[in-house]
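Naming convention: chains lettered A, B, ... in sequence-line order (proteins, then strands); numbering from 1 in each chain.
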Amino acid sequence: MTATISAKLLEWYDRNARRLPWRVRGEERPDPYRVWLSEVMLQQTTTAAVVPYFARFTARWPTVEALAAAPEEEVMAAWAGLGYYSRARNLVKAARTVAGLGGFPDTETGLRALPGVGDYTAAAVAAIALGRRAVVVDANVERVVARIFAIDAPLPGARKAIRAKADEITPDERAGDFAQAMMDLGATICTARDARCLLCPLQSDCAARASGDPLRYPIKAAKKAKPLRTGTAFWIEREGAVWLVRRPAKGMLGGMRALPDDGWRAGADGGGDAPIAGAWKAAGVVRHGFTHFDLELGVALHAGDTNPQGEGEWWPIDRLAEAGLPTLFAKAAERVLASRAD
DNA sequence: AATCCGTGGAC
DNA sequence: TGTCCAAGGAT
C-alpha cells in the first residue's frame, strides 16, 4: 500500500506551509482566540486583506476578554473596509458569550453555537486550536476534493458528496494541519484559475489530472447577472464637519457610519430625495461593486445652512479616517474632498 | 434552497 | 474593462 493522501499532504505541508501571523510554529498549540478571530476575518476574504486587520485587532484587543469589553461601535469602526459587517457585530456578541463562559467551548458543537461561527469555522477552530478531528470544508477544500475525485455534480449541490469525500481523507491525527495543508494547496498550487499539477504532492492520486482537464472541476452552476443600481449620497458640511448617520443594524452595511442617502438598495434605485431642503450641487459619481449588484452613486453637496433632522453626528472632516466609513462612503467622501482641492 | 451580504486583487 | 473569486454565515 502506498502512502495515503493525508500522509503525502502532511509531508508536503511540513516543508511548504505558508507562514501567516495567526499560525504558530512547531508543536505549540495556537491560542483559540487568535484562531477564531483569524477564521472569522478570513471568511470570503483574502489572506492579504486580513493580515493588517488581524495585526491591529490583536494589538488593540489581545484577548477575548478585552474584545468582549470593547464598545461595539469601536469594533465596527475597526472592521471598516473589510466588508461583510455582520461579522463584526457577531464577533462582539460571540466574544461576550465566550467571556461569560470563562473561555472558548472545547468542542466543535460548542463552537458552532457561537454567532458568526458556521460549519466551516467551527470545524477549523476545533481542528487547529483544539487539536480535535474535524472535517474542515472551505472553498479550497471543495475545489481540491472535487478535482482529486473528479466529482461531476455541480456546486452547490455537490457539497454533501464533497464533504463525505473530505471526511474519508481526513486523518485522525493532525486534522488541523491537514486542513491548513488543503487550504495552502488550494491557495498556491491547485487554484481556481490554475492547476499546477507537476508541483502537486497528490498528482498521482488525482482523477481530474488523470482526465487531462483538471480545470473542469469543480463544476459550478451558472451565475446570475448583476443589476446596476443608481443612488445619491448627500454631503452636508458645517464648520469643518460633515453630517454622518448610522445605518440600520440589519441589511446593507448594517450598523456602519455613513453619509445620508436616498434609499438605494439591492432591489431598487434611490428615490433622489434629499434629507433637507435647499440647493444641492453635484460633486461627481462613484461606482462601486457589491456582491449582487453594482452601484452608481452620485454625490451631492449641500449649499444651504439648514440643520439636518433626526439622528446623526457632526464629524470633523480632518479626522474622517477615524469614522470607520465603509469603502463605498469613504470613496464618496474622497471624491468630494478631491473635487474641492482642484 | 436561494438570496443577501463587501471588498480588492488577479487576469 | 469585465469577470471571477477569496479560510462563509444567516435567514
**Request:** Give a yes or no answer on whether the side chain of A:Arg87 reaches the backbone of A:Leu82 with a donor-acceptor pair at less than 3.5 Å.
**Result:** yes
**Item:** Touch class at under 4.0 angstrom, heavy-atom based, for A:Leu328 against every strand present
**Value:** sugar-phosphate
**Item:** Separation of B:dC5 P from A:Met252 CE (nearest whole Å)
**Value:** 6 Å
**Touch class at under 4.0 angstrom, heavy-atom based, for A:Trp79 against every strand present** = nothing
**Request:** Please report, rounded to the nearest Å, how far the P atom of B:dC5 is from the CZ atom of A:Arg89.
**Result:** 14 Å
**Prompt:** Of all the nucleotides listed (C:dC5, C:dG9, C:dA7), which has the minimum atom distance to the side chain of A:Lys223?
**Reply:** C:dC5
**Asked** So which nucleotide from C:dA7, C:dG8, B:dG6 ends up closest to the side chain of A:Thr121?
**Response** C:dG8
**Prompt:** Using a cut-off of 4.0 Å on non-hydrogen atoms, how would the nucleic acid contact of A:Gly81 be classed: base, sugar-phosphate, or nothing?
**Reply:** sugar-phosphate
**Request:** Could you check whether A:Lys224 gets within reach of a base, just the sugar-phosphate, or nothing at all, counting any heavy atom under 4.0 Å?
**Result:** sugar-phosphate
**Asked** Quick one: is the NZ or CZ of A:Arg112 closer than 6.0 Å to the six-membered ring centre of A:Trp36, and within 45° of its axis?
**Response** no
**Prompt:** Over how many whole Å does the gap from A:Tyr84 atom OH to C:dA6 atom C1' extend?
**Reply:** 10 Å
**Item:** Distance between C1' atoms of B:dA2 and C:dA7 (Å, rounded)
**Value:** 23 Å
**Asked** Do A:Thr291 and A:Tyr84 have side-chain atoms, one donor and one acceptor, less than 3.5 Å apart?
**Response** yes
**Request:** Choose from C:dG9, C:dA10, B:dG6 the nucleotide whose nearest atom is closest to any side-chain atom of A:Tyr120.
**Result:** C:dG9
**Request:** Using a heavy-atom cut-off of under 4.0 Å over every strand shown, decide if A:Ser86 touches base, sugar-phosphate, or nothing.
**Result:** nothing
**Value rounded to 0.5 Å, distance of CZ in A:Arg257 from CZ in A:Phe329** = 13.5 Å
**Message:** Using modelled atom types and a 3.5 Å cut-off, is there a donor and acceptor pairing between side-chain atoms of A:Arg147 and backbone atoms of A:Ala208?
**Reply:** no
**Ion pair check, A:Asp119 and A:Arg159, cut-off under 4.0 Å** = no
**Request:** Please state whether the phosphate of B:dC4, meaning OP1 or OP2, lies under 4.0 angstrom from any side-chain nitrogen or oxygen of A:His292.
**Result:** no
**Prompt:** Taking the nucleotide of DNA chain C with the closest heavy atom to each, which residue, A:Trp22 or A:Val117, is nearer the 5' end?
**Reply:** A:Trp22
**Request:** Starting from P on C:dA6, measure out to CZ on A:Arg87 and report it in whole angstrom.
**Result:** 15 Å
**A:Leu67 and A:Tyr33, any side-chain heavy atoms less than 4.5 Å apart** = yes
**Prompt:** Taking the nucleotide of DNA chain C with the closest heavy atom to each, which residue, A:Arg287 or A:Ala192, is nearer the 5' end?
**Reply:** A:Arg287
**Prompt:** When all nucleic acid strands are considered with a 4.0 Å heavy-atom cut-off, which category describes A:Leu295: base, sugar-phosphate, or nothing?
**Reply:** nothing
**Asked** Distance only, no hydrogens: is a donor on one side chain within 3.5 Å (strictly under) of an acceptor on the other, for A:Lys226 and A:His292?
**Response** no
**Prompt:** Between residues 125-144 of chain A and DNA chain C, which residues have a heavy-atom gap below 4.0 Å?
**Reply:** A:Asp138, A:Ala139, A:Asn140, A:Arg143
**Request:** May I ask you to decide whether A:Glu11 forms a salt bridge with A:Lys8, counting only side-chain N to carboxylate O separations under 4.0 Å?
**Result:** no
**Request:** Would you jot down, in residue-number order, the residues of residues 41-57 of chain A having a non-hydrogen atom under 4.0 Å from DNA chain C?
**Result:** A:Leu42, A:Gln43, A:Gln44, A:Thr46
**Asked** By ring pair (Phe, Tyr, Trp, His ring centres under 6.0 Å), which residues pair with A:Trp61, not counting sequence neighbours?
**Response** A:Phe57
